[in-house]
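As the structure is a prediction and not an experimental result, all values here were calculated from the model. The figures that follow rest on heavy atoms only: side chains count, while hydrogens, waters and symmetry mates do not. The sequence lines fix the lettering, A, B, ..., with proteins before strands; numbering per chain opens at 1.
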2 protein chains.
Amino acid sequence: MTVNKSSEASVGEKNKQKIVQAAEQVFAQQGFKGSSVQQIADTAGLPKTNVLYYFKTKQSLYQAVLQHTLSLWNSRFDQAQATDDPAEILAEYISEKIDMSRTHPLSSKIFAMEILNGGPNLDTYFNHEQVSWMKGRVAIIESWINQQKIVAVDPYYLLFTIWASTQHYADFSEQVTRLRGEKMKKVDFDHAKRTVIQLVLTGCGLTVPLCYQSSQ
Amino acid sequence: MTVNKSSEASVGEKNKQKIVQAAEQVFAQQGFKGSSVQQIADTAGLPKTNVLYYFKTKQSLYQAVLQHTLSLWNSRFDQAQATDDPAEILAEYISEKIDMSRTHPLSSKIFAMEILNGGPNLDTYFNHEQVSWMKGRVAIIESWINQQKIVAVDPYYLLFTIWASTQHYADFSEQVTRLRGEKMKKVDFDHAKRTVIQLVLTGCGLTVPLCYQSSQ
DNA sequence: CGAAAAGTAGACCAGGAGGTCAGTTTATTT
DNA sequence: AAATAAACTGACCTCCTGGTCTACTTTTCG
């Protein structure tokens, strides 16, 4: 079995990717139960049977989509240290998260729906990866508080606030669009970014780094 | 067996109410398409046909549930004036919204799902009620800025931030619970409340009213 | 009382769902 | 070129869904 990587991987893997992408779209719009394999197949431009050939069940396809979503969520905050500048780290984290809402809204929506439904497909992720990530970040924030680099603020609720107010622009984009009267463009996301950074950082007793200040 | 209104209304209305309540539970957990009329009927302790007797279609039942949800969302901010104290108004608004997340999480979840699915059942609501509400609140915030009562901050993104970071505790309660290790109790909600108030108000250049300050 | 209206409920139906199977086409290896 | 493996697909099956129909019981109220 010599390995012709490009073709071996390409035929199958390429289709798999195409299916996952189509599934992402459909799942994000209709939820897991609301989406049909047929619909996903149509979106991918393949017969239904072909989709089931690559993913034995609808659920395993969904889990592949979810996995792909989770794989996107790395950030510079992951490697933050107690010695780092909180203003810089937090501002960049908020910036990254809002960029994610702009560039990968479907992923955010799928995750949101999964949580709303009780997160039945997230056991391992939650019980290990995210919990330990959280503990690490909380420890760093606490140490910033102890060093009096930032005002005393509960690290959990601080992080929840950051998540909520950044993911909001992906998950609730429909509402945001209708209320503003037009779709958010890149400049609007940047505007939102600066607003959230201003609120959170000032709220923590920090000065907003120059590059994130509202360009008057 | 005299004509007593309470019983006339009670047989039908009481059942209707019971059904709506059951539907709220089921819809919030499984979404519209994920819920079956049978499941709602079982939850309400009635035969399926009986549910369809009161609500001709699954969708009309869903709309009744959604309507009930929207009817809960009144707040003191609705009547706010440019002459009011922004610190007080905003703090109370945040407080009210977090209370809603605690006392009516199902409503919040149903609304969130509706938006995630593109809000197909919210046309009239959005195009009239909420848009005009928004315009009114934006005007007041802008006037606060002009009076230099608060720092310059985009009213839209300020309101989105408040919504996001308060509703988060209902919509993402599953995630919050798993990350914290235990369910949020009333004290925890109050703690979150103070955190959000601190962040937002300080971020707007305001002083947190005494009654909302973190009781050290 | 007695009729009409309101409420309850089982049997049933058409349609769409996820998934299987058996058979065909295409690609890869020797 | 032959053989083997991978990719593909139409026909089909079972199960569940929202919703209807019909018939029965209970309430209401002149």
Query raised in the report: Would Lys193(B) and Asp188(B) pass as an ion pair if we require N to O under 4.0 Å?
Result: no
Query raised in the report: When the distance from CG of Leu61(B) to P of dT17(D) is rounded to whole Å, what number comes out?
Result: 16 Å
**Report entry** Protein-nucleotide distance (Lys56(B), atom NZ; dA6(C), atom P), rounded to Å
**Finding:** 11 Å
Requested in this report: State whether Tyr54(A) places a side-chain N or O below 4.0 Å from either non-bridging phosphate oxygen (OP1 or OP2) of dA6(D).
Outcome: no
Requested in this report: Would you please test Phe172(A) and Trp163(B) for ring pair (Phe, Tyr, Trp, His ring centres under 6.0 Å) and show each step?
Outcome: CA-CA 10 Å; Phe172(A) 290 74; Trp163(B) 287 352; 8.8 Å; no
Query raised in the report: Between atom CD in Gln30(A) and atom C1' in dG16(C), what is the gap in whole Å?
Result: 14 Å
Report summary line: When Thr49(A) and Lys33(A) are each assigned the nearest nucleotide of DNA chain C, the 5'-most assignment goes to Lys33(A)
Report task. Grab the CD1-C1' distance between Ile19(B) and dT8(C) for me, whole Å please. Result -> 11 Å
**Report entry** Candidates dG19(C), dA7(D), dT8(C) - which lies nearest the side chain of Lys48(A)
**Finding:** dG19(C)
**Report entry** Between CZ on residue Phe160(B) and OG1 on residue Thr166(A), distance to nearest 0.5 Å
**Finding:** 14.5 Å
Requested in this report: Would you mind reading off the distance between Gln38(A) atom CD and dG10(D) atom P, rounded to a whole angstrom?
Outcome: 11 Å
Report summary line: Regarding the side chain of Ser36(A), the nearest nucleotide among dA7(D), dG18(C), dC21(D) is dG18(C)
Query raised in the report: Run the side chain to side chain contact (heavy atoms under 4.5 Å, CB included) check on His191(A) and Thr195(A) step by step: do they pass?
Result: CA-CA 6 Å; His191(A) 197 167; Thr195(A) 303; 4.1 Å; yes
Requested in this report: Give the C-alpha distance, both sets of side-chain angles, the deciding distance and a yes or no for side chain to side chain donor-acceptor pair (under 3.5 Å) between Glu114(B) and Tyr62(B).
Outcome: CA-CA 10 Å; Glu114(B) 175 67 16; Tyr62(B) 175 72; 2.4 Å; yes
Query - Minimum-distance nucleotide (side-chain atoms of Thr57(B) versus dG19(D), dT9(D), dG18(C)) - result: dG19(D)
Report task. Take atom CG of Leu52(A) and atom P of dC12(D), then tell me their distance rounded to the nearest Å. Result -> 18 Å
Query raised in the report: Quick one: is dG10(D) close enough that its OP1 or OP2 comes under 4.0 Å of any side-chain N or O from Asn50(A)?
Result: no
Report task. Among the candidates dG7(C), dG19(D), dC8(D), find the nucleotide nearest to the side-chain atoms of Tyr53(B). Result -> dG7(C)
Requested in this report: In whole angstrom, give the distance that lies between atom CG of Asp42(B) and atom C1' of dA9(C).
Outcome: 14 Å
Query raised in the report: Within the structure shown, what part of the strands sits under 4.0 Å from Ser35(A) by heavy-atom distance: base, sugar-phosphate, or nothing?
Result: sugar-phosphate
**Report entry** Whole-Å distance separating the NZ atom of Lys14(A) from the P atom of dA27(C)
**Finding:** 13 Å
